[in-house]
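Before any comments, here is the structure.
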Amino acid sequence: MASVSSQPQFRLTQPPSKVLHLRNLPWECTEEELIELGKPFGKVVNTKCNVGANRNQAFIEFADLNQAIAMISYYASSSEPAQVRGKTVYLQYSNRQEIVNNKTTADVAGNVLLVTIEGADARLVSIDVLHLVFSAFGFVHKITTFEKTAGFQALVQFSDAETASSAKNALDGRNIPSYLLPEHIGPCTLRITYSAHTDLSVKFQSHRSRDYTNPNLPVAPSAIDGGGLFSVGLDGKKLEPESNVLLASIENMQYAVTLDVLHMVFSAFGPVQKIAMFDKNGGLQALIQYPDVQTAVLAKEALEGHCIYDGGFCKLHISYSRHHDLSIKVNNDRSRDYTIPNTAMLNPQPSILGHQPVSTIGPPAHPYSGTQFAPPTEHPAMPQPSAGWAAGVLAAPHSMLAQMSNQPYLPPGAMPPQMGPGMMSMAGPSRLPQGAAMPPPYRPGQMQ
DNA sequence: AGCACA
């Protein structure tokens, strides 16, 4: 009575599926042979051969469930077994409902790009860098990365084929800007084709896959340490536990970074409850409190390593704080509790208009101007702010204010004084790339 | 001869 059916993976009967699992196939069975086998019963819409350790298994997917049932039923009662090249093949319903194929390339333009990253250090390119690069062309819905014989590859999903093709046209054959990459790593060239996918299935956020449309997606179990206290970072190194409070330190602070600048930058991801600024080791640091961990994670991932101002000025380094609720004793120019409704009390009306950054947001000599990305037909020193993809690329990593203050988070019915016209002008929409239909990272109501 | 990526 050693019933194999007690092992779920060897159940004798599978529930019907459009997908059939085939085994005992001859060596190097081709897709054509599989189609030939299935054709009498219906339309084979997809196949996958050379599956399994011996590469002698395969899947075929019919257009219709009834066609799969017809094939199974036929061979269940036939005296002639199913055969390929005279070899008996065994078939049953697959335990999956559709074939997910890695036939990643397509001939026609689609909304998903297949990106191959070439270069000795290609696999050191993080999914966040890819996200940044491709976000310059529009909202990136999802990214998955994987390693195949072709090397390190990624699938990047946009809303539509138009956005995807603008990214493809701009980036194919170009190098990822070195300033986005870790130190001392070689050039990484992007080779881009269209993928046959239209909607990637991302089950959890991990170091290999992201779904930017669903911030509530669970983090991959594989990316969480057994204790659960520490999560594993993009490079597999341990990180401090996540927190709703971020610790930001500001490097290369050529320009004053005020409470209001920080509030604006961090408000792009959700309501900022409290900010406390202080000096440490000769540099400026700030604690930024969000209502929840999730928002803080979003903000950290988006902002880490980026500069508030163009030209590498005021670079942010962000980690999770051990704090969870800051105690703000007094509202002044270095600390503020935005949850206190008494706006009259906290209104020093600082405005960065009094500081130089307004005129220096776009430094005259842009150090990154198109040298790596700019198409040869354009003037590298003169990125066209509203027309070129180059401006978009540059805007993403270097002018966060320009992009993020576009639609900062505002509490319903509230117009904080620090969101005055001075602030908005500094982030003038003129710097936004044309394709900046990119939704703001945070919208009230979107995240429950 | 028994189910594919993260």
Side-chain angles (χ1 to χ4, degrees), chain A residues 2-29 31 34 38 45-62 68 71-72 75-76 81-85 87-105 112 114-117 122-123 125-128 130-131 141-157 195-197 199-212 214 217-224 231-236:
Chain A
S3 163
V4 287
S5 62
S6 62
Q7 300 166 304
Q9 68 269 37
F10 292 156
R11 273 196 314 254
L12 293 174
T13 58
Q14 294 284 148
S17 165
K18 297 199 305 279
V19 182
L20 302 183
H21 176 234
L22 285 69
R23 53 202 156 82
N24 202 38
L25 286 158
W27 177 245
E28 297 206 332
C29 175
E31 175 174 39
L34 296 177
V45 293
N46 207 350
T47 65
K48 187 178 180 70
C49 0
N50 303 320
V51 167
N54 298 326
R55 298 169 60 79
N56 61 353
Q57 301 172 44
F59 298 93
I60 67 180
E61 178 178 339
F62 283 100
M71 184 165 181
I72 291 291
Y75 285 113
Q83 291 187 329
V84 171
R85 286 182 233 161
K87 192 164 185 231
T88 297
V89 305
Y90 302 89
L91 48 129
Q92 63 192 148
Y93 297 116
S94 170
N95 52 26
R96 306 210 195 180
Q97 287 305 117
E98 61 181 5
I99 293 178
V100 323
N101 59 345
N102 49 15
K103 292 251 172 51
T104 40
T105 53
V112 178
L114 172 64
V115 180
T116 304
I117 299 108
R123 57 216 64 222
V125 176
S126 76
I127 200 165
D128 296 300
L130 293 173
H131 180 231
H141 287 229
K142 302 174 187 179
I143 299 181
T144 63
T145 63
F146 47 92
E147 292 193 41
K148 276 286 162 58
T149 45
F152 185 54
Q153 294 188 304
L155 292 164
V156 179
Q157 178 176 342
S195 164
H197 288 95
D199 190 17
L200 305 173
S201 109
V202 174
K203 305 244 177 16
F204 26 62
Q205 316 284 17
S206 75
H207 63 299
R208 314 210 60 168
S209 63
R210 299 288 169 85
D211 181 344
Y212 301 97
N214 183 4
L217 206 60
V219 169
S222 65
I224 297 178
S231 57
V232 173
L234 302 165
D235 311 323

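Values below: all heavy atoms of this structure, side chains included; hydrogens, waters and symmetry mates excluded. In what follows, every chain begins at residue 1, and chains take the letters A, B, ... in the order their sequences are listed. As the structure is a prediction and not an experimental result, all values here were calculated from the model.
- No hydrogens or angles were tested; on distance alone, a donor-acceptor pair under 3.5 Å links the side chain of A:Q92 to the base of B:dG2.
- Atom CZ in A:R55 sits about 12 Å away from atom C1' in B:dA4, given to the nearest Å.
- Between A:I60 atom CD1 and B:dA4 atom C1' the separation is 15 Å, expressed in whole Å.
- The OG atom of A:S17 sits 9.0 Å away from atom CD of A:E98, with the distance rounded to the nearest 0.5 Å.
- Nucleic acid contact class of A:S209 (heavy atoms, under 4.0 Å, all strands): none.
- Note on A:R208: every side-chain N or O is 4.0 Å or more away from OP1 and OP2 of B:dC5.
- Between A:F59 and A:H21, the angle of the ring planes lies from 30° to 60°, which puts this pair in the tilted group.
- Here the straight-line distance linking atom CD of A:Q153 with atom CD of A:E147 works out to 10.0 Å at 0.5 Å rounding.
- A:S201 comes within contact range of at least one nucleobase, with a heavy-atom separation under 4.0 Å.
- You'll find that the side chain of A:F59 is closest to B:dA4, out of B:dG2, B:dA6, B:dA4.
- Counting to the nearest Å, the P atom of B:dC5 and the CD atom of A:Q157 are 21 Å from each other.
- For the pair A:F204 CZ and B:dC5 P, the computed distance is 14 Å after rounding to whole Å.
- Partner A:E61 forms a side-chain contact (heavy atoms from CB on, under 4.5 Å) with one of A:V45, A:T47, A:L20 and no other, that one being A:V45.
- Taking atom NE2 on A:H197 and atom P on B:dC5, their separation rounds to 13 Å, with Å as the unit.
- Remark: C1' of B:dA6 and CZ of A:R96 are 12 Å apart, rounded to the nearest angstrom.
- Rounded to a whole Å, the NZ atom of A:K142 is 14 Å from the C1' atom of B:dA6.
- Side-chain contact between A:L25 and A:C49: absent, with no pair of heavy atoms (C-beta onward) separated by less than 4.5 Å.
- Comparing A:N24 and A:E98 along DNA chain B, the residue whose closest nucleotide (by nearest heavy atom) sits nearer the 5' end is A:N24.
- Regarding A:L22, its CG atom lies at a distance of 13 Å from the P atom of B:dC3, rounded to whole Å.
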